[in-house]
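These numbers were taken from a predicted model, which means no experiment stands behind them.
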Amino acid sequence: MTPLKLAVLPALLALSLCQTTTAGTAASATLQATFVVQEACTIISQRNITQVRCQHNTPYLLHQQATPSGTGLVTVTF
């Protein structure tokens with residue numbers, strides 16, 4: 001064999017092994033990620049009507065309670 005064939009042969013062998021071991025197999029990996037969600041909400045409360053408008057339509061829960069002074073207490077939970 002010529003020196004050129006001897007130099008190319010290991011590279012071809014390695015390439016063929018890589019193709020046969022990765023073909024038809026599934027791989028999985030674990031990844032840690034940190035997300036920061038920035039949200040802006042406007043809460044308007046007038047005459048016992050409370051409106052919440054969030055920039056990204058974040059779900060929320062309104063809970064209204066009566067207080068001893070007669071005014072309503074509205075709690076907004078995101």
Side-chain angles (χ1 to χ4, degrees):
M1 289 191 143
T2 65
L4 181 60
K5 288 182 183 178
L6 288 175
V8 174
L9 188 60
L12 291 176
L13 180 61
L15 182 62
S16 68
L17 287 176
C18 289
Q19 287 179 348
T20 57
T21 58
T22 59
T25 61
S28 64
T30 303
L31 172 72
Q32 287 186 335
T34 302
F35 295 98
V36 177
V37 179
Q38 296 181 351
E39 176 66 287
C41 296
T42 303
I43 302 169
I44 303 168
S45 182
Q46 296 176 346
R47 292 185 230 135
N48 295 330
I49 298 173
T50 304
Q51 295 178 344
V52 179
R53 292 192 181 125
C54 295
Q55 178 182 7
H56 298 292
N57 295 323
T58 300
Y60 60 89
L61 175 66
L62 290 177
H63 182 69
Q64 296 183 335
Q65 292 177 299
T67 59
S69 65
T71 59
L73 174 68
V74 176
T75 305
V76 181
T77 305
F78 296 95

Next on the checklist: Please give the remaining members of the hydrophobic cluster of L73, linking ILVMFWY side chains under 4.5 Å, ordered by chain and number.
Outcome noted: none
Next on the checklist: Holding to side-chain contact (heavy atoms from CB on, under 4.5 Å), I want the full list of residues that pass it with C41, two or more places apart in sequence or in another chain.
Outcome noted: E39, C54, F78
Checklist entry - With a cutoff of under 4.5 Å between side-chain heavy atoms, which Ile, Leu, Val, Met, Phe, Trp and Tyr residues group with I44? => result none
Next on the checklist: To the nearest 0.5 Å, what is the distance between OG1 on T77 and NE2 on H63?
Outcome noted: 8.5 Å
Just list the side-chain donor-acceptor pairs under 3.5 Å for residues 31-38, sequence neighbours left out, or say none.
none

Next on the checklist: Please give me the minimum heavy-atom distance between Y60 and L62, naming the atom from each residue.
Outcome noted: CE1-CG, 3.9 Å
